Participant: 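I'd like to ask you about the structure that follows.
Everything quoted here is computed from the prediction, not taken from an experiment. Residue numbers begin at 1 in each chain, while the letters A, B, ... track the order of the sequences.
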Protein chains: 2
Amino acid sequence: MNVHEAIQCLKKNGFKQTDKREDMLQLFADSDKYLTAKDVFDQLKEYYPGLSFDTIYRNLALFENMGILEMTELSGEKHFRFTCAGHQHHHHFICLECGKTKEIDSCPMDGLMENLKGYDISGHKFEIYGRCPNCVE
Amino acid sequence: MNVHEAIQCLKKNGFKQTDKREDMLQLFADSDKYLTAKDVFDQLKEYYPGLSFDTIYRNLALFENMGILEMTELSGEKHFRFTCAGHQHHHHFICLECGKTKEIDSCPMDGLMENLKGYDISGHKFEIYGRCPNCVE
DNA sequence: ACGTTAAATCGGAATGATTCTTAAAATTAA
DNA sequence: TTAATTTTAAGAATCATTCCGATTTAACGT
Ligand SMILES: [Mn+2]
Ligand SMILES: [Mn+2]
Ligand SMILES: [Zn+2]
Ligand SMILES: [Zn+2]
């Protein structure tokens, strides 16, 4: 998924193409990082002086609903990143300093379902936290 | 860890034994569930009509600092449960309806460290979400 | 190009969980 | 009994997020 595909996805579902949406998506496309609403706001604010937080939150929620962004909650804040696509289900190491991620290709759910008969599984979360080599120096 | 041990842990560190602390701990000891501050408040409120939210939050934070409770954040709210001890590191299935947990004895970090050379790993989270057999009916 | 309309944005107010304050009253540990 | 800690009270503050009414804009048909 890239910015262009994301925009097409929006239009296909009756949502409008706006400069702010494009710029928000471009931010994520460029970064491979988990960003908070504030991160996004701060970066777009330079180009859109009158920017409202509502616009950020509304669009982040929209993008998440559309499957364009994926979200995780870290220390009480929602963090978003471009949805990983193109290969199989996987998980992430997340740098708590810069938000950068590294893919973990295995999924701990593999071979675990037989232990959970009778349970209705709606989701799972596997994340590794720390500092990436860059942030370690 | 049980209520008695938790109380000893508190006293050893200069904190006092109070009825409310005992009752809070007993709630967790009895339930094997993740509870929110509100859950705890609502249950204790019956016995302590003048109970303050401040007391709940203060003691939950204290218990967490002491390692008596463990915490996870689910949809923006802190959830606490009695710290699992007595056997090796493990993870949990968490029922999103009633908070009940089931132990998952494997850890997805096993054999994963060689993929993360150069990373400084400070933690990880593996949780499975859904409905427990009781809540499925 | 123009008008219509639904969608998007803005600015600010509201929300909800949590934390913090200060002072007085209650409880605990010695 | 005394001193230290805990709790209450009542509230204010914080912070991320959501909601609202008014205004602007993108998309579509003419
Ligand atoms: Mn990925
Ligand atoms: Mn356990
Ligand atoms: Zn980093
Ligand atoms: Zn359940």
Side-chain angles (χ1 to χ4, degrees), chain A residues 3-4 6-27 34-66 68-69 71-80 96 99, chain B residues 3-4 6-25 27 34-66 68-69 71-80 99:
Chain A
V3 174
H4 181 258
I7 294 285
Q8 295 316 312
C9 168
L10 289 178
K11 299 184 95 161
K12 176 155 32 83
N13 289 90
F15 297 101
K16 296 183 174 172
Q17 173 173 10
T18 72
D19 290 350
K20 281 157 194 156
R21 284 182 176 164
E22 278 187 78
D23 287 0
M24 282 183 68
L25 290 166
Q26 195 59 54
L27 265 192
Y34 274 103
L35 303 176
T36 63
K38 183 169 187 311
D39 292 336
V40 175
F41 179 82
D42 288 344
Q43 297 200 53
L44 287 206
K45 183 74 175 179
E46 301 181 31
Y47 305 93
Y48 302 101
L51 183 63
S52 162
F53 253 110
D54 194 42
T55 300
I56 305 297
Y57 279 112
R58 183 171 15 79
N59 286 327
L60 286 176
L62 171 64
F63 297 159
E64 195 199 350
N65 287 339
M66 295 285 103
I68 295 168
L69 296 183
M71 187 271 291
T72 190
E73 247 181 88
L74 297 174
S75 52
E77 271 180 286
K78 292 185 176 180
H79 290 62
F80 298 86
L96 296 180
Chain B
V3 174
H4 182 257
I7 294 285
Q8 294 316 310
C9 167
L10 289 177
K11 300 183 94 162
K12 175 156 31 83
N13 289 91
F15 297 100
K16 294 186 175 173
Q17 173 173 8
T18 72
D19 290 350
K20 280 158 192 152
R21 285 182 175 163
E22 273 186 81
D23 287 0
M24 282 182 69
L25 290 167
L27 265 192
Y34 274 102
L35 304 176
T36 63
K38 184 168 186 313
D39 293 335
V40 175
F41 180 82
D42 288 344
Q43 296 201 51
L44 287 206
K45 185 73 173 178
E46 299 182 32
Y47 303 93
Y48 302 100
L51 183 64
S52 160
F53 251 111
D54 198 40
T55 300
I56 305 296
Y57 279 115
R58 183 169 16 80
N59 286 326
L60 286 176
L62 171 65
F63 296 160
E64 195 198 352
N65 286 339
M66 295 283 102
I68 295 167
L69 296 184
M71 186 270 291
T72 191
E73 248 183 86
L74 298 172
S75 51
E77 272 181 285
K78 293 186 175 181
H79 290 61
F80 298 87

Participant: Between Ala37(B) and Gln17(B), which has a closest nucleotide on DNA chain C that is more 5'?
Facilitator: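 Of the two residues, Ala37(B) wins.
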Participant: Measuring to OP1 and OP2 of dT19(C), would you say a side-chain N or O of Tyr57(B) lies under 4.0 angstrom away?
Facilitator: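 Negative; the distance criterion is not met.
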Participant: When the axes are fitted on five pairs at both termini, how much does the helix from dA1(C)-dT30(D) to dA30(C)-dT1(D) curve, in 10° steps?
Facilitator: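 Computed from the C1' atoms at both ends, the axes differ by 40°.
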Participant: Between atom CD in Glu64(B) and atom P in dT18(C), what is the gap in whole Å?
Facilitator: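 Answer to the nearest Å: 12 Å.
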Participant: What string of B, S and - do you get for nucleotides 1-13 of chain D 5' to 3' if you count protein non-hydrogen atoms under 4.0 Å?
Facilitator: ---BBSSBS----
Participant: Is the shortest side-chain heavy-atom distance between Leu60(A) and Met24(A) below 4.5 Å?
Facilitator: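 The answer is yes; the side chains approach within 4.5 Å.
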Participant: Of all heavy-atom pairs between Ile68(A) and Cys9(A), which one has the smallest distance, and what is that distance?
Facilitator: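 In terms of heavy atoms, the two residues are closest at CD1-SG, 4.3 Å.
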Participant: Listed by chain and number, what are the side-chain hydrogen bond (donor to acceptor under 3.5 Å, both in side chains) partners of Glu64(B), not counting sequence neighbours?
Facilitator: none
Participant: Checking Glu73(A) side chain against Gly76(B) main chain: does a donor-acceptor pair fall under 3.5 Å?
Facilitator: yes
Participant: Assign the ring pair Tyr34(A) / His79(A) to parallel, tilted or perpendicular, where the plane angle (0 to 90°) is split at 30° and 60°.
Facilitator: perpendicular
Participant: Is it true that a side-chain atom of Asp39(A) and a backbone atom of Thr36(A) form a donor plus acceptor pair closer than 3.5 Å?
Facilitator: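 It does hold such a pair.
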Participant: Assess the side chains of Asp19(B) and Tyr47(B): does a donor N or O sit below 3.5 Å from an acceptor N or O?
Facilitator: no
Participant: When we call it a touch if two heavy atoms are under 4.0 Å apart, what does Lys38(B) touch: a base, just sugar-phosphate, or nothing?
Facilitator: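 If one applies the 4.0 Å heavy-atom cut-off, Lys38(B) turns out to touch nothing in the nucleic acid.
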Participant: When you compare the side chain of Thr55(B) with that of Phe41(B), does any pair of heavy atoms fall below 4.5 Å?
Facilitator: no
Participant: If I take atom CG in residue Leu60(A) and atom P in nucleotide dT9(C), what distance separates them, rounded to the nearest angstrom?
Facilitator: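 Checked: the CG to P distance equals 12 Å.
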Participant: Over how many whole Å does the gap from Phe41(A) atom CZ to dC15(D) atom P extend?
Facilitator: 16 Å
Participant: Could you give the CG-to-P distance, from Asn13(A) to dA27(D), as a whole number of Å?
Facilitator: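 That distance rounds to 14 Å.
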Participant: Can you tell me how far C1' of dT9(C) sits from CG of Asp23(A), to the nearest Å?
Facilitator: 15 Å
Participant: Round to a whole Å and report the spacing from CG of Leu74(B) to P of dT18(C).
Facilitator: 11 Å
Participant: Nearest whole angstrom, please: distance from the P of dT17(D) to the CD of Glu73(B).
Facilitator: 11 Å
Participant: Any side-chain N or O of Lys78(A) under 4.0 Å from OP1/OP2 of dT18(D)?
Facilitator: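 So the side-chain polar atoms of Lys78(A) do come within 4.0 Å of the phosphate oxygens OP1 or OP2 of dT18(D), strictly under.
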Participant: Is the shortest side-chain heavy-atom distance between Gln8(B) and His4(B) below 4.5 Å?
Facilitator: yes
Participant: Take atom CZ of Phe80(B) and atom C1' of dT18(C), then tell me their distance rounded to the nearest Å.
Facilitator: 10 Å
